[in-house]
Amino acid sequence: MGLGKTEWEDIQIKYGNMEAPPKQLTEDELFDLIKEAAEMATEAEKNEKLENASLKDLKEMEDEEDEDVLEQLRKKRIQQMKVEAELNKFGELKEISEPSYKAEVTECKGVMVVVHLFKNGIPQCQLVNQHLTILAKKFKATKFVKIRSEEAIHNYPDKNLPTILVYFNGDIVGQIITLRATGGDATTVNDIEWQLKQAHAIKSDLQEDPRITLARKKSQKSRYSKADSDESDNSDSDD
């Protein structure tokens, strides 16, 4: 007998006018499918356990798993730990002084260093310190330090504060002089994050200057408000 229930159905299926009904599995075929699914689930669980195993876990598996597989995973895990250590190397805004500037900043190799030149009593310097404290915790692969401006550069003018310098391998690769370009007292942590991203000091997920995003939202809100007002005026006219 064909795939259909009748000879007519067989003909229709043959010429593509009708879909063949699903095959009815025998009891043995169904058992084999269930067995295969269970084996695949067990293998997937085992692989997941190996992939997520710590060095201690791998040590405990020595009697159960192939040594070559375990050695490969050990090397992979050690490399991952090194990468994670580099990505979580810093994590705070550290205050430094003039004697340590060279060691902490200009002699620091292979790491982006963000330096805030500040002065007590200047509100915008305090604001930047607050924002950099947050960013230092967020971007731990970057070194964040702050230093009193008079210690970093003797006779540095207060009118240029706050100043943020970005160093890499002893060279200044970016700078922010005052907060005029980021909104002054209204400067947000996202504004500073964007500026640091532009200087390649951090790997931020921001895709656009936050001030442009804010301006667009305000513009959209204004258009919606005007449209609502026009609709209300038209409604009043109809009355």
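Here the structure is a predicted model, which is why all the values come from computation and not from measurement.
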- Donor-acceptor pair, side chain of Lys146 and main chain of Val128, under 3.5 angstrom: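 It does not hold such a pair.
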
- Any donor and acceptor pair, going by atom type alone, linking the side chain of Asn169 with main-chain N or O of Gly110 inside 3.5 Å?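 Yes; at least one donor-acceptor contact below 3.5 Å.
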
- List the steps, then state whether side-chain contact (heavy atoms from CB on, under 4.5 Å) holds for Glu193 with Leu206. CA-CA 8 Å; Glu193 181 176 332; Leu206 291 178; 3.7 Å; yes

- More than 12 non-hydrogen atoms from neighbouring residues, nucleotides or ligands closer than 6.0 Å to CD on Glu98, yes or no?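 Yes.
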
- Message: Can you tell me if Lys159 has over 12 outside heavy atoms packed within less than 6.0 Å of its NZ?
- Response: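 No, NZ of Lys159 has 12 or fewer neighbouring heavy atoms, counting only those of other groups under 6.0 Å.
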
Quick check for you: to the nearest 0.5 Å, what is the distance between [X] atom [atom1] and [Y] atom [atom2]?
{"X": "Lys89", "Y": "Lys140", "atom1": "NZ", "atom2": "NZ", "answer": "15.0 Å"}
{"X": "Leu117", "Y": "Thr163", "atom1": "CG", "atom2": "OG1", "answer": "6.0 Å"}
{"X": "Phe144", "Y": "Met112", "atom1": "CZ", "atom2": "CE", "answer": "10.0 Å"}
{"X": "Gln126", "Y": "Lys119", "atom1": "CD", "atom2": "NZ", "answer": "15.5 Å"}
{"X": "Lys197", "Y": "Asp205", "atom1": "NZ", "atom2": "CG", "answer": "7.5 Å"}
{"X": "Thr142", "Y": "Ile202", "atom1": "OG1", "atom2": "CD1", "answer": "6.5 Å"}

Nearest heavy-atom pair of [X] and [Y]: which atoms, and what distance?
{"X": "Leu196", "Y": "Ile164", "value": "CD2-CG2, 4.2 Å"}
{"X": "Thr106", "Y": "Lys109", "value": "O-NZ, 4.0 Å"}
{"X": "Ala199", "Y": "Gly174", "value": "CB-CA, 4.2 Å"}
{"X": "Ala201", "Y": "Val114", "value": "CB-CG2, 3.9 Å"}
{"X": "Arg211", "Y": "Ala181", "value": "NH1-O, 2.7 Å"}
{"X": "Leu165", "Y": "Tyr167", "value": "CB-CE1, 3.9 Å"}

- Only pairs at least two apart or in different chains count here, so list each ring-ring contact (aromatic ring centres under 6.0 Å, His included) that has a residue in residues 101-122.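 For residues 101-122, and leaving out neighbouring residues, the ring-ring contact (aromatic ring centres under 6.0 Å, His included) pairs sorted by first residue read His116-Phe118.
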
- Task: Begin with the C-alpha distance, continue with both residues' side-chain angles, and end with the deciding distance and a verdict on side-chain contact (heavy atoms from CB on, under 4.5 Å) for Arg148 and Glu95.
- Result: CA-CA 9 Å; Arg148 297 175 192 276; Glu95 183 164 357; 3.8 Å; yes

- Item | With Thr182, the side-chain hydrogen bond (donor to acceptor under 3.5 Å, both in side chains) member among Asp209, Asn190, Thr187, Thr188 |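 Exactly one candidate clears the test, Thr187.
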
- Message: Run the side-chain contact (heavy atoms from CB on, under 4.5 Å) test on Leu161 and Gln124 for me, step by step, so that the C-alpha distance in whole Å, both residues' side-chain angles and the decisive distance to 0.1 Å come before the verdict.
- Response: CA-CA 8 Å; Leu161 298 177; Gln124 288 188 4; over 6 Å; no

- Mind checking whether Trp194 and Leu127 sit in one hydrophobic cluster, side chains of I, L, V, M, F, W, Y counted as touching below 4.5 Å?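 As far as the 4.5 Å side-chain criterion goes, Leu127 and Trp194 are not connected within one cluster.
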
- Please lay out, stage by stage, how Phe90 and Val113 fare under the test side-chain contact (heavy atoms from CB on, under 4.5 Å). CA-CA 11 Å; Phe90 303 105; Val113 184; over 6 Å; no

- Message: Distance alone, cut at 3.5 Å: any donor-acceptor contact between the side chains of Thr213 and Glu208?
- Response: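 There is such a pair between these side chains.
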
